[in-house]
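Lettering follows sequence order; numbering is per chain, from 1.
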Protein chains: 2
Amino acid sequence: MLDRPATRSRKETRAAVMEGLLRSKGAFRQAIAHDSRLTEASVSRILTELRSAGLIDESRIPAPYFGGPTALVSLRKDICVAGIELSNGRLSFGVGDLGCALDYVERMPVPARLAQADFERMARVSFAEMIAWADQRGRVIRQIALSLPGFSQSDTNPIFPWDMTRLRDFLADLVKPYPLALTNSVIAQAAFHRYCASDVYPVSGDHLFLFVAHGVAGVVVHESAPIETFNPFELGHMVIERGGALCRCGHRGCLEAYTSLQAISPVIGLPAGDILRGGDQFVATAQQTPEQRATLRDRLFLLGMGIGNALNLQPLPAVVISGWPSLIPEADRCAILDGLNETLLGGYRADRLPLHFIAPSIGNDPRAAMAYAAYSFVSTGGQDAAPRLSEIA
Amino acid sequence: MLDRPATRSRKETRAAVMEGLLRSKGAFRQAIAHDSRLTEASVSRILTELRSAGLIDESRIPAPYFGGPTALVSLRKDICVAGIELSNGRLSFGVGDLGCALDYVERMPVPARLAQADFERMARVSFAEMIAWADQRGRVIRQIALSLPGFSQSDTNPIFPWDMTRLRDFLADLVKPYPLALTNSVIAQAAFHRYCASDVYPVSGDHLFLFVAHGVAGVVVHESAPIETFNPFELGHMVIERGGALCRCGHRGCLEAYTSLQAISPVIGLPAGDILRGGDQFVATAQQTPEQRATLRDRLFLLGMGIGNALNLQPLPAVVISGWPSLIPEADRCAILDGLNETLLGGYRADRLPLHFIAPSIGNDPRAAMAYAAYSFVSTGGQDAAPRLSEIA
DNA sequence: CTCTATCTTTACACAGTGTAATTATTGTGC
DNA sequence: GCACAATAATTACACTGTGTAAAGATAGAG
């Protein structure tokens with residue numbers, strides 16, 4: 001849109017360069033200049049700043065061609081971020097570097113309806129342990145991120161009906177003096193896919209990302225937009241069957257009442273908590289009765305309807321689905337396409353709407369939150385989070 | 001979000017100042033500085049530029065208080081824009097100033113399914129007439145806007161299934177050398193309400209704007225966002241009744257199949273084209289049978305469901321509805337609330353979601369397109385559109 | 001007609017970045 | 001091992017946009 005990019009503040013430019021490095025996991029100056037829309041002269045200035053701030057590494061490598069570049073610029077591996085994640089029945093704490101390494105992790109099972117007071121109690125203990133671990137090793141946590149299912153700026157969380165003011169106060173007190181970013185689980189997953197698992201992610205352009213688990217959460221991924229601007233939404237509470245099945249939200253006919261883990265648990269014949277645990281193995285549909293398989297297909301059809309309705313409001317060229325549908329054999333999974341075909345304006349056509357299934361990122365927690373922390377850190381240009389220990393040195 | 005506003009290009013700054021003047025219809029320097037986030041010194045510089053470009057008027061008025069300002073700054077009334085609008089069964093051409101005055105207008109009835117070739121034929125003639133009118137009076141059209149129902153950047157128009165490349169080529173050739181902006185009817189209406197009828201508009205913050213006529217179109221109005229970034233969507237093709245009534249799009253159960261003008265025409269007992277024509281008078285429901293009224297209420301209930309589903313994906317603090325539901329007595333209209341209550345997560349509560357009905361802006365055409373043209377003009381900072389006639393003088 | 005409160009403009013400084021000239025780096029050929 | 005060449009990386013300079021602060025203009029009060 002911008003004919004000539006408007007000048008940015010130094011912080012914004014640093015953030016742009018660092019964000020590019022986070023995405024690419026190391027780049028030559030030419031590529032940096034291109035990605036961040038700067039001249040190489042400006043890149044040089046910015047890198048000089050980042051170098052003296054101890055934020056980048058310049059590893060000498062043999063030149064790729066005659067006279068070519070020899071310094072591969074990357075974010076320093078010893079920059080440390082932490083993630084806290086509440087998802088899929090677990091509360092997880094983790095510490096690692098900007099490259100998604102997980103050097104410390106603690107995971108605890110929590111009930112599906114975790115009370116705010118219980119969360120606070122657990123968080124207080126585990127957070128202290130995590131900080132103690134980092135302090136013992138002299139590792140300075142530069143940014144912390146907490147991801148919550150259902151979180152949004154509007155502070156009305158359908159998953160965890162907590163008092164958000166109280167939560168913010170609690171967290172501010174808890175993490176002080178560390179900078180904290182609060183975000184939605186789906187956005188954190190988007191950050192994970194963008195910054196940590198970008199090489200295995202099936203789509204590169206704009207798309208709809210859906211996570212089907214206890215709820216049906218979605219986010220519109222705009223490739224060029226900053227992750228923090230993404231609008232997460234709960235597709236699960238779209239009413240697709242007037243007067244239909246009772247949902248935990250009190251309404252009837254919500255998508256979630258048909259397609260959440262709880263709803264399909266009896267159909268698949270596994271406890272809700274175990275369905276995703278199996279890793280990226282296919283759910284064994286062979287042992288299901290034809291009736292059960294038909295039911296499963298109908299549920300997937302409804303999911304397709306919900307996706308189609310969502311895409312009618314927000315047309316997008318691709319869809320990525322994570323969660324239990326990814327574990328279903330394709331023969332059954334394609335019921336989603338039928339649902340899409342009956343709702344998506346103009347009908348579903350595989351060539352116009354690529355549909356990708358990726359393994360539910362269970363067992364990765366809290367790496368999604370850590371990826372968001374890494375993003376938050378680079379977004380500040382590495383300036384807000386003062387390295388407290390190194391100040392002493 | 002921005003701690004300190006990043007510096008803008010001069011064009012952007014000019015655009016910001018002019019956009020503020022278009023919204024406020026005249027302001028003192030203090031207010032301009034505040035609205036456009038500039039110091040008064042910078043405002044002075046920008047106004048000096050705009051003055052020498054012949055874009056603003058500074059009317060001397062008595063100071064409102066001791067030592068107060070005496071120059072009210074406003075956009076010049078003789079700046080001329082044109083709008084072309086295709087909506088509600090009419091193709092309209094209009095010329096006027098930035099203040100929404102309508103100095104020239106031609107309106108022609110068109111069939112609901114206007115063929116692209118027919119549009120081209122009519123447009124060619126009417127456009128020439130409009131230009132002739134302006135030329136005779138020495139009025140220089142600085143910007144033209146065309147608004148189309150269903151238009152979107154994705155170039156898949158469910159209302160007018162035209163070849164968009166052909167349309168763009170046709171228009172580029174037709175309007176040459178005038179600058180042309182192409183937009184969606186709902187966005188044009190949003191521009192109309194923001195810039196021309198802002199004083200009678202019921203909401204000032206972010207909200208969902210819906211227009212229920214031949215289709216059910218919506219747009220999310222972000223108060224602080226530029227209008228061109230708005231994403232219009234066709235709510236009408238959300239499937240709310242699986243296997244329900246057949247819609248013109250080929251699917252079953254679309255909202256439009258229940259709530260479009262065509263769908264309610266037999267219920268109200270008026271031809272579809274006449275329902276909105278009556279102005280802002282209530283549709284006489286007294287002469288309807290109880291069965292008809294019940295049907296109407298059910299249709300409004302479905303509309304409420306569609307709105308609730310849309311708001312679940314994109315939570316917003318208010319809704320504004322324009323179109324035929326605004327003409328229905330409140331006793332029946334409130335069926336929308338019931339539909340909302342059964343879909344909106346957390347249920348409908350009047351204090352949390354103000355719902356406003358405004359008269360369908362029929363008979364205003366093409367003022368919405370002209371408002372968008374005015375917006376497009378100020379967005380360029382008044383620089384792209386060269387005043388051709390005055391160059392001679 | 002002068003004074004004064006306030007608006008309005010102008011002079012100056014500074015941040016950010018592109019252009020172009022300068023300096024550094026490293027593999028190649030002898 | 002050394003000069004050369006090809007390209008990378010840095011630096012000097014200029015320009016844009018805007019804030020600060022001082023100077024200038026305006027109009028009502030007395």
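Here the options are A/Ile141, A/Leu22, A/Leu75, A/Leu55, the test is side chain to side chain contact (heavy atoms under 4.5 Å, CB included), and the partner is A/Phe377; only A/Leu55 passes.
B/Phe28 comes within 4.0 angstrom of nothing in the nucleic acid, heavy atoms only. Backbone-only contact: A/Thr13 has heavy atoms under 4.0 Å from sugar-phosphate atoms and none from a base.
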Exercise for the section: Decide side chain to side chain donor-acceptor pair (under 3.5 Å) for B/Glu228 and B/Tyr372; before the verdict, give the C-alpha distance in whole Å, the side-chain angles of both, and the deciding distance to 0.1 Å. Expected result: CA-CA 9 Å; B/Glu228 59 179 359; B/Tyr372 192 80; 4.9 Å; no
Exercise for the section: Please test B/Phe28 against B/His34 for ring pair (Phe, Tyr, Trp, His ring centres under 6.0 Å), starting from the C-alpha separation and ending with a verdict. Expected result: CA-CA 10 Å; B/Phe28 295 113; B/His34 179 265; over 10 Å; no
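Atom CD of B/Glu49 is separated from atom P of C/dT8 by 18 Å (rounded to the nearest Å). Here the C1' atom of nucleotide C/dT25 and the CZ atom of A/Arg29 are 12 Å apart, to the nearest Å. Rounded to whole angstrom, the span from the CG atom of A/Leu47 across to the C1' atom of D/dT11 amounts to 15 Å. The CG atom of A/Leu50 sits 15 Å away from the P atom of D/dA9 (whole-angstrom rounding). Taking atom NE2 of residue B/His34 and atom P of nucleotide D/dG19, one finds them 14 Å apart after rounding to whole Å. Regarding B/Gln30, its CD atom lies at a distance of 9 Å from the C1' atom of C/dT6, rounded to whole Å. Atom CD in B/Glu12 sits about 13 Å away from atom C1' in D/dT16, given to the nearest Å.
Proximity of a side-chain donor or acceptor of A/His207 to a complementary backbone N or O of A/Gly205 within less than 3.5 Å is detected.
Of the side-chain N and O atoms in A/Tyr65, none sit less than 4.0 angstrom from OP1 or OP2 of C/dT26. A close approach under 4.0 Å does not occur between any side-chain nitrogen or oxygen of A/Arg37 and OP1 or OP2 of C/dG18.
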Fill in the blank from the handout: The contact string for nucleotides 20-27 of chain D, one letter per nucleotide 5' to 3', using protein heavy atoms under 4.0 Å with B, S and - for base, sugar-phosphate only and none, comes out as BB-----S
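With C/dC7, D/dT10, D/dT18 as the candidates, the nucleotide lying closest to the side chain of B/Arg8 is D/dT18. Taking the side chain of A/Ile46 as heavy atoms from C-beta on, and the options D/dT10, C/dT8, C/dT17, the nearest nucleotide is C/dT17.
DNA chain C is contacted by both A/Leu38 and A/Ile61; A/Leu38 maps to the nucleotide lying nearer its 5′ end (nearest heavy atom per residue).
In this structure, B/Cys80 has no disulfide (SG to SG under 2.5 Å) partners at least two apart in sequence or on a different chain.
The residues A/Arg29 and A/Glu58 are annotated as salt-bridged, a charged nitrogen and a carboxylate oxygen being separated by less than 4.0 angstrom.
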Short heteroatom pairs, N/O only, protein and nucleotides 13-15 of chain C, under 3.5 Å:
none

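If you check the side chains of A/Ser379 and A/Ser376, you find no donor sitting under 3.5 Å from an acceptor.
Atom CG of B/Leu50 sits about 6.0 Å away from atom CE of B/Met18, to the nearest 0.5 Å. Expressed to the nearest 0.5 Å, how far OG1 of B/Thr183 lies from CZ of B/Phe151 amounts to 6.5 Å.
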